[in-house]
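Data block below; observations after.
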Amino acid sequence: MPDMVGNYDIIVVGGGHAGCEAAAAAARLGSKTLLVTSDMTKFANMSCNPAVGGVAKGQIVREIDALGGWMGIITDRSTIQFRMLNRSKGPAMWSPRAQCDKAMFSALWRRTLENTPNLYHWQDTVNQLLVSGNSVTGIRTVMGAEFTARAVILTNGTFLNGLMHVGKSSAPGGRAGDGAVAGLTAQLVSLGFEAGRMKTGTPARLDGRTIDFSLLEPQPGDNHPAKFSFSAATHPVDNQLPCYLVYTDAGIHDILRTGFGDSPLFDGTIKGVGPRYCPSIEDKLRTFADKESHQLFLEPEGRDTNEYYLNGFSSSLPLDVQLKALRKIKGFANLHIYRPGYAIEYDYFPPIQLRHTLETKLIENLYFAGQINGTTGYEEADAQGLMAGINAHLKISEKDGFILRRDEAYIGVLIDDLVTKGVDEPYRMFTSRAEYRILLRQDNADLRLTPYGIEFGLIDEKRAEKFNEKKSSSESLIKFLRKESITPEEINGYLFSVESTPLPQKRKLYDLLLRNEITIDILRKYSEVLRNYISDYKIGDEAAEEAEIQIKYKGYIEREKHVAEKLRRLENIRLNPDFNYKSLSSLTIEARQKLSNIRPTTIGQASRIPGVSPADINVLLIFFGR
């Protein structure tokens, strides 16, 4: 008989990015939580590139931090290079990205988790859920241990029946050096869940001692780096390490093509669907056959290691082909690699089987988060973990679920896309997926979401005080700029120098800030009264930047808010999840099928289901008396 080891409020299965954030959140909210992982030395392991953030992903990390999650803080403390992407574009597109020390990132997560009250750990592999009726009651491990719980969160990453491929060789595994998980998929399918197969990949890891960096093009970090966390507990990185740009050429492509005959990607061995926006190098050569060169990014994996990651060169080609092609890259003639690139296939569960809280529709108190839902990326996984951890705690506390709207957060867009539209390839967040980008900027994530973090207790009193100070400072600065003026004598010299229309008379600082060539920093330089106000009232850089963005983009912000408020009315029209859509003959057949399958909770959600037309929505509105 299995050994009954303990009883918990919440069990989190898997110690990746989703699992770590879920377990930390649930425990901090007050639930007695158990985190089960097969290797406690690899918490939140960066299995692929050693970086956090990027386009839209950076916004998600700032949202995680604003809610009280740990990812932003741990990223800041392990950053070795920071860049704010898209600075040349509007602030809706600004996206923070950090290269991290891979080993330090994982070690910091372990230190954080081991010092979280209410959080316990068990190193083992879960291969079975304990289910009673239509509710989950616990887990069983391969070591024969049983644990009971009121809720279970599965965050299995790429481990469910994971299979790794290099050329004609393949081996079971969740990632290099780690075994696969068998049994869970079969059990979930037997319970009525639909499962699918996806694929991802990673490049070879390179020995920096065998690279001639003098031949490479350095890519430095920002001169004045920012950071992810809104907390005062972290600081921008010092002593940044460079990344490097390298390029393939036609000769390298010819070498890579010699391995296509043995490629598991092309010979039918790999059945899973891979990520469209992060393709392998062989996929790039097939899709962009006319391109003679591809840009790659050489990224350090840490301060105290010689290991480098070649971003853009993921591959499952035979080892000899990978190595031969790599040594033709400029600066890589004498290259030694630590391990080859490989592809990995794994099971996932189409996320239309979930509620917006990430609880499964079939089994009560069972939650899925991360790549098990068909997503790709540390940031998307971490956000789901945080939301699952919060919602599992709220559910067992008999409280309403926490659901973010699409106009509130990229996290809201992410989860709504997953449960409403489903996935047919690994889901990656982009700014283009959000209808309200100007509202969902990285700079205002705290203004949007920190009140929730304070309400739940994930933001402590000291940080809440700092948040309120920033909010107050930004609002007071806007009022000051509306009230105070600047004279032609103070500013015209600068305006002439940038070929901007000079002032004929005094103008309000607010009005001048509306000009493209004027920033808060420039106004501060030429206006003594503004300098004194910022100094006397200790207006921080973040508060000043927030005020500037709100002023410059006020019209766009108000317009998006108006559109969001109009569409929000549809979110307030609730639908009965048990309604028989097949009885509404005025709906199209496709709409009846999709609505019956997904079971939307609001008219708004129904309107976003692919295959449900505006005419179908009108039918629902009329039927439900609207």
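These values consider heavy atoms only, across backbone and side chains, with no hydrogens, waters or symmetry-generated copies.
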Any Lys/Arg nitrogen of E548 or K554 sitting under 4.0 Å from an Asp/Glu carboxylate oxygen of the other?
-> no

Electrostatic pair K102-E301, nearest N-O below 4.0 angstrom | yes

Check: Q240 side chain, F82 main-chain N or O, donor-acceptor pair, under 3.5 Å = yes

Assess the pair Y244 and F213: is the distance between their ring centroids shorter than 6.0 Å?
-> yes

Of I478, I557, I520, which meets side chain to side chain contact (heavy atoms under 4.5 Å, CB included) against I551?
-> I478

State whether D101 and R303 are salt-bridged, where the test is any N-O pair (Lys NZ or Arg NE/NH1/NH2 against Asp/Glu carboxylate O) under 4.0 Å.
-> no

Would you say the side-chain atoms of Q384 pair up with the backbone N or O of E380, donor to acceptor, closer than 3.5 Å?
-> yes

Closest non-hydrogen atoms of S95 and M93, given as atom of the first, atom of the second and distance, are OG-O, 3.0 Å

For the ring pair F402 and Y452, is the centre-to-centre distance below 6.0 Å?
-> yes

Basic-acidic side-chain contact under 4.0 Å: R463, D460 | no

Between D446 and K471, is there a salt bridge with N-O shorter than 4.0 Å?
-> no

Determine yes or no for a side-chain-to-main-chain donor-acceptor pair under 3.5 angstrom, with Q99 supplying the side chain and Q81 the backbone.
-> no

Closest non-hydrogen atoms of R77 and T234, given as atom of the first, atom of the second and distance, are NE-CG2, 4.0 Å

Just by modelled atom types, is the H224 backbone N or O under 3.5 Å from a matching donor or acceptor in the D222 side chain?
-> no

Would a distance-only check, ignoring hydrogens and angles, find a side-chain to backbone donor-acceptor pair under 3.5 Å from E21 to M71?
-> yes

So, D76 versus S229: side-chain donor-acceptor pair below 3.5 Å or not?
-> no

So does E425 pair up with R276, basic N to acidic O under 4.0 Å?
-> yes

Going by atom types alone, do Y427 and D417 pair a side-chain donor with an acceptor below 3.5 Å?
-> yes

Cation over ring, R87 on W94, under 6.0 Å and within 45°?
-> yes

Parallel under 30°, tilted from 30 to 60°, perpendicular over 60°: which one fits the rings of F349 and F368?
-> tilted

Who pairs with D212 by side chain to side chain contact (heavy atoms under 4.5 Å, CB included), at least two apart in sequence or on another chain?
-> S214, L215

Quick one: do D207 and R209 make a salt bridge, cutoff under 4.0 Å?
-> yes

May I ask you to decide whether D521 forms a salt bridge with R524, counting only side-chain N to carboxylate O separations under 4.0 Å?
-> yes

Report yes or no: does R433 contribute a side-chain atom to a donor-acceptor pair with the main-chain N or O of R428 at less than 3.5 Å?
-> yes

Minimal heavy-atom distance between K470 and A543, with the atoms involved, is O-CB, 3.9 Å

Is the H17-F43 ring centre distance short of 6.0 angstrom?
-> no

Positive for side chain to side chain contact (heavy atoms under 4.5 Å, CB included) with I411, one of L404, D416, L440 | L404

Indicate whether any N or O donor in one side chain lies under 3.5 Å from an N or O acceptor in the other, for S38 and Q123.
-> no

Carboxylate-amine/guanidinium proximity below 4.0 Å for R339 and E307 = yes

Please determine, by modelled atom types, if H393 and S31 share a side-chain donor-acceptor pair under 3.5 angstrom.
-> yes

Does any N or O in the side chain of T155 come within less than 3.5 Å of the main-chain N or O of G14, such that one atom is a donor and the other an acceptor?
-> yes

